[in-house]
Amino acid sequence: MTGIPTTNGATAAAGVLAAPGTAAGSAREVGSVREVGSAREAGTADTAGSAGVASTGAAVADAGLRALADANPVIVVGGLSGIAAVYEPLAARLRADGYRVWIYQLPNLGLGDITASAAGLRGYVGQVRAAAGGAKVDLVAHSEGGLVSRYYIKNLGGSDSVERYVSLGTPQYGTYVANIVSFLGLGSCAGVVACQQMTIGSSFLTALNAGDDTPAPVRWTAVRTWQDELVRPVDNAKLADGATNVLIQSRCPLRVVGHLGLVLDGTTYTVIRQVLRDAAIKPNCLAL
């Protein structure tokens, strides 16, 4: 869910997207690890260095840029009530770093059945692969988009097409916020199917989380923030079974990032970039 303001009962429930319960199983929590420099950084010669060192740096930069040119296409998967324009700043960052980027806006803005949105994603991935000529794609998914992507990978053959999965504030194990919508007398999430599916203990999540959270060969990363106002408890945004889980404040305790902020935040973007480059994850706390 994106937290975009809405005006009627159904979309208001959509804005109350996700607040997960407690994820089960063991997973790897990211700590402080050495960051691998980007190609651009590798090609920066020290002014005190020799010509030979500068030449070597340039060669490393060229190799890095060639590797990036061969990188997988990236599909940004939107969340509940999230129009494509909301994700354009993230897409622009990725493009500036040399990636080919597409944005998948959920059908009906994600208000309907998550399984139907996942079927739509399957078709969209096929179109992107055909257009980009890539063997696989990487998915960067926000909120409900992470559940859509997981269902696609686990149940619709997506593991053959996806190499890396990155979720941002996804209620992998549901959210109390969705449960509260029902408690407040708005019916069962005001009739919003996706909201119903994101309630803690829903039949959808029970089935999705049965067995391995992170089936091979996909590389799984889940990013979360303590200030997520829509995913409660926050740790419900984690994945088990060997996933890389990144809590922004574990490295940057003073960084304030909300639910939609995960899409716009510079520190979060440094994590996304490191994941896509298979670099050690070390969030840059000062990134804009």
Peer 1: Does a side-chain heavy-atom distance below 4.5 Å link Cys285 with Arg255?
Peer 2: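 When only atoms from C-beta onward are counted, Arg255 and Cys285 do not touch, as no gap falls below 4.5 Å.
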
Peer 1: Once rounded to the nearest 0.5 Å, what's the spacing between atom OG of Ser203 and atom CD of Gln197?
Peer 2: 7.5 Å

Peer 1: Does Trp220 reach the side chain of Arg150, with side-chain heavy atoms less than 4.5 Å apart?
Peer 2: yes

Peer 1: Working to the nearest 0.5 angstrom, can you tell me the gap between His142 NE2 and His259 NE2?
Peer 2: 4.0 Å

Peer 1: Taking side-chain contact (heavy atoms from CB on, under 4.5 Å) as the criterion, tell me which of Ile153, Ile114, Leu139, Thr115 meets it with Val148.
Peer 2: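 Of the listed options, the one satisfying the test is Ile114.
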
Peer 1: From the options Val223, Val74, Leu90, Asp138, select the one residue that forms a side-chain contact (heavy atoms from CB on, under 4.5 Å) with Ile272.
Peer 2: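 Result: among Val223, Val74, Leu90, Asp138, Leu90 is the only option passing the side-chain contact (heavy atoms from CB on, under 4.5 Å) with Ile272.
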
Peer 1: Got a donor-acceptor contact below 3.5 angstrom from the Glu229 side chain to the Gly258 backbone?
Peer 2: no

Peer 1: Does Leu168 share a hydrophobic cluster with Ile83, counting links as ILVMFWY side-chain heavy atoms below 4.5 Å and allowing steps through other members?
Peer 2: yes

Peer 1: When you measure from the side chain of Arg100 to the backbone N and O of Ala132, does any donor-acceptor pair fall under 3.5 Å?
Peer 2: yes

Peer 1: Do you know the tightest heavy-atom contact between Arg224 and Asn245?
Peer 2: NH1-CB, 4.0 Å

Peer 1: I need the Thr267 OG1 to Leu288 CG distance, nearest 0.5 Å.
Peer 2: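 The CG atom of Leu288 is 8.5 Å from OG1 of Thr267, to the nearest 0.5 Å.
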
Peer 1: Which pair of heavy atoms, one from Gln172 and one from Asn209, lies closest together, and at what distance?
Peer 2: O-ND2, 3.0 Å

Peer 1: Once rounded to the nearest 0.5 Å, what's the spacing between atom OH of Tyr87 and atom CG of Leu264?
Peer 2: 9.5 Å

Peer 1: Report the C-alpha distance between Leu147 and Leu205 in whole Å, list the side-chain angles of each, state the deciding distance to 0.1 Å, and finish with yes or no for side-chain contact (heavy atoms from CB on, under 4.5 Å).
Peer 2: CA-CA 9 Å; Leu147 296 175; Leu205 287 176; 4.0 Å; yes

Peer 1: Just one of Asp213, Val231, Asp235 clears the side-chain contact (heavy atoms from CB on, under 4.5 Å) bar with Tyr173, so which one?
Peer 2: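 In the set Asp213, Val231, Asp235, the residue that makes a side-chain contact (heavy atoms from CB on, under 4.5 Å) with Tyr173 is Asp213.
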
Peer 1: So how far is it from Tyr152 OH to Tyr104 OH, rounded to the nearest 0.5 Å?
Peer 2: 10.5 Å

Peer 1: Do Asp212 and Thr214 have side chains that get closer than 4.5 Å, going by heavy atoms?
Peer 2: yes

Peer 1: Mind listing the closest non-hydrogen atom pair of Thr170 and Gly146 along with its distance?
Peer 2: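 Minimum heavy-atom contact is OG1-CA, 3.4 Å.
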
Peer 1: With clusters defined by side-chain heavy atoms of hydrophobic residues (ILVMFWY) lying less than 4.5 Å apart, directly or transitively, does Val193 cluster with Leu208?
Peer 2: no

Peer 1: Just so I know, are the side chains of Asp97 and Tyr269 near enough to count as touching, which here means a heavy-atom distance under 4.5 Å?
Peer 2: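 Yes; the side chains approach each other to less than 4.5 Å.
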
Peer 1: Taking only residues two or more places apart in sequence, or in another chain, which ones meet Arg219 in a salt bridge (charged side-chain N to carboxylate O under 4.0 Å, His left out)?
Peer 2: Glu163, Asp278

Peer 1: Quick one: does Gln227's side chain get under 4.5 Å of Gln249's, heavy atoms only?
Peer 2: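 Contact flag for Gln227/Gln249 side chains = yes.
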
Peer 1: Heavy-atom distance under 4.5 Å between the side chains of Gln196 and Ser202, does that happen here?
Peer 2: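 No, every pair of side-chain atoms sits at 4.5 Å or beyond.
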
Peer 1: Where do Ile248 and Val271 land on the side-chain contact (heavy atoms from CB on, under 4.5 Å) test, with the steps shown first?
Peer 2: CA-CA 9 Å; Ile248 296 298; Val271 174; 4.2 Å; yes

Peer 1: Answer whether the closest heavy-atom distance between the side chains of Leu106 and Val77 falls below 4.5 Å.
Peer 2: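 Yes - at least one pair of side-chain heavy atoms lies under 4.5 Å apart.
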
Peer 1: Restricting to non-hydrogen atoms, name the atom on Met198 and the atom on Leu80 that form the minimum distance, rounded to 0.1 Å.
Peer 2: CE-CD2, 4.1 Å

Peer 1: Could you please spell out the steps behind the side-chain contact (heavy atoms from CB on, under 4.5 Å) verdict for Leu239 and Tyr165?
Peer 2: CA-CA 11 Å; Leu239 286 169; Tyr165 165 102; 3.9 Å; yes

Peer 1: Is there a donor-acceptor contact under 3.5 Å from the side chain of Thr225 to the main chain of Val257?
Peer 2: yes

Peer 1: Identify the two heavy atoms, one from Glu88 and one from Ile103, that lie closest to each other, and give their separation to 0.1 Å.
Peer 2: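 Looks like OE1-CD1, 3.6 Å.
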
Peer 1: Enter the distance from Tyr151:OH to Leu121:CG here, rounded to the nearest 0.5 Å.
Peer 2: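 It is 12.5 Å, given to the nearest 0.5 Å.
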
Peer 1: With the side chain counted from C-beta on, respond yes when Thr270 and Arg273 share a heavy-atom pair under 4.5 Å apart, and no when they do not.
Peer 2: yes

Peer 1: For the hydrophobic clusters of this structure (ILVMFWY residues joined by side-chain heavy atoms under 4.5 Å, transitively), does one cluster hold both Val101 and Val275?
Peer 2: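 Yes, Val101 and Val275 fall within the same hydrophobic cluster.
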
Peer 1: Minimum heavy-atom separation for Ala178 to Thr199, with atom names?
Peer 2: CB-CG2, 3.5 Å

